[in-house]
Undergrad: 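Below are the structure tokens for one structure; questions will follow.
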Amino acid sequence: MQTERTKLDGVVVLTPRRFGDDRGWFCETWSAPRMAEAGLDLDFVQDNHSFSAEAGTLRGLHYQAPPHAQDKLVRCSRGAIFDVVVDARVGSPSYGEWFGVELTAENGKQLYVTKGFLHGFVTCAPDSEVQYKVTDIYAPECDGSVRWDSVGIDWGLAGAPVLSDKDAAAPSFADWQSPFTWEAGA
Ligand SMILES: Cc1cn([C@H]2C[C@H](O)[C@@H](COP(=O)(O)OP(=O)(O)O[C@H]3O[C@H](C)C(=O)[C@H](O)[C@H]3O)O2)c(=O)[nH]c1=O
């Protein structure tokens, strides 16, 4: 498995190996020992799977606040997405900075993001499916959103995105009080 550190600590791009043959290919999309070898020794407790019919569907920027903050391992199993994370850890040297990467069914790339980040994606193709593992259960009382267009992210959108009512009504990053704090070396 290839691992690429990013400009943000706690955010890693992973590319598991694909074994191709005349039929197609096989890939271990997640392996605890492989992740531990990459320094990502995590206890995932839930798998999520979302389908978005239209290209330009934007889900985010989301988080779960402590005590149910989540680490996430995200991949695109059909179509393509531009996956984005924003450092929301108060006190972090990169607070408010964002990182994005194209995850597609074709490139097989995955994004790991630790607790304390906002997460969102925009679909780059119709009928795109995203599957991701999280390290805490769904806790609606801790679930929150920040406006997708309040962090200066270049989503590569040609027009207005398809949004949920919740995301359309989210506060801006500047008006939002992050529940996350940065712990040096954590
Ligand atoms: C996240 C979640 C949602 N739900 C239910 C709640 C709603 O009735 C329905 C849709 O939820 P929501 O509109 O929050 O789904 P997304 O907009 O895809 O949100 C997700 O997308 C961004 C990119 C994320 O990183 C988060 O995991 C998550 O916030 O699924 C559950 O039952 N369990 C869950 O873990």
Side-chain angles (χ1 to χ4, degrees), residues 6 8 10-14 29-30 35 40 42-89 92 94 96-105 107 109-157 160-173 176-180:
T6 69
L8 301 178
V11 179
V12 182
V13 177
L14 307 166
T29 51
W30 173 75
M35 291 289 284
L40 301 171
L42 301 152
D43 292 324
F44 292 115
V45 296
Q46 181 174 303
D47 273 355
N48 295 333
H49 185 173
S50 69
F51 168 82
S52 301
E54 291 184 54
T57 299
L58 196 152
R59 296 175 184 255
L61 297 162
H62 297 164
Y63 65 94
Q64 273 201 177
H68 293 289
Q70 297 170 320
D71 305 281
K72 295 176 184 172
L73 179 63
V74 187
R75 69 187 181 99
C76 176
S77 57
R78 183 178 173 195
I81 65 169
F82 183 62
D83 204 33
V84 175
V85 291
V86 182
D87 189 351
R89 300 168 298 180
S92 166
S94 53
E97 288 188 32
W98 65 275
F99 170 80
V101 60
E102 196 174 26
L103 307 181
T104 72
N107 71 21
K109 288 181 184 281
Q110 302 181 5
L111 186 64
Y112 166 76
V113 59
T114 189
K115 301 176 182 69
F117 283 76
L118 305 176
H119 176 239
F121 63 82
V122 65
T123 58
C124 308
D127 300 335
S128 290
E129 299 191 41
V130 177
Q131 314 209 22
Y132 50 111
K133 308 178 89 67
V134 293
T135 55
D136 208 316
I137 54 162
Y138 179 51
E141 72 282 7
C142 296
D143 190 53
S145 286
V146 171
R147 269 192 70 86
W148 62 281
D149 57 355
S150 65
V151 181
I153 296 164
D154 178 4
W155 292 98
L157 281 163
V162 176
L163 292 173
S164 67
D165 292 343
K166 174 181 80 169
D167 290 347
S172 70
F173 188 75
W176 172 69
Q177 179 61 47
S178 173
F180 303 106

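Counting convention: from 1, in listed order, for ligands and their atoms alike.
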Undergrad: Determine whether the side chains of Thr114 and Asp71 contain a donor N or O and an acceptor N or O closer than 3.5 Å.
TA: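 The criterion, which ignores hydrogens and geometry beyond distance, is satisfied for Asp71 and Thr114.
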Undergrad: Might you list the protein residues in contact with ligand 1, defined as having a heavy atom under 4.0 Å from one of its atoms, sorted by chain and number?
TA: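 Shell around ligand 1 (4.0 Å, heavy atoms): Gln46, Asn48, Arg59, His62, Lys72, His119, Phe121, Tyr132, Tyr138, Lys166.
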Undergrad: So do the side chains of Val146 and Val86 get within less than 4.5 Å of each other, counting heavy atoms only?
TA: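 Heavy-atom side-chain distance check fails, nothing below 4.5 Å.
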Undergrad: Determine whether the aromatic ring centres of residues Tyr63 and Trp176 are separated by less than 6.0 angstrom.
TA: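 They qualify: ring centres under 6.0 Å apart.
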Undergrad: Working to the nearest 0.5 angstrom, can you tell me the gap between Lys133 NZ and Arg75 CZ?
TA: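 Between atom NZ of Lys133 and atom CZ of Arg75 there are 8.0 Å.
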Undergrad: Indicate yes or no for a side-chain donor-acceptor contact from Gln46 to the backbone of Tyr138 under 3.5 Å, with no hydrogens or angles considered.
TA: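 Judged by distance alone, yes, a pair lies under 3.5 Å.
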Undergrad: Could you walk me through whether Asp143 and Lys166 pass the salt bridge (Lys or Arg N to Asp or Glu O under 4.0 Å) check?
TA: CA-CA 11 Å; Asp143 190 53; Lys166 174 181 80 169; 3.2 Å; yes
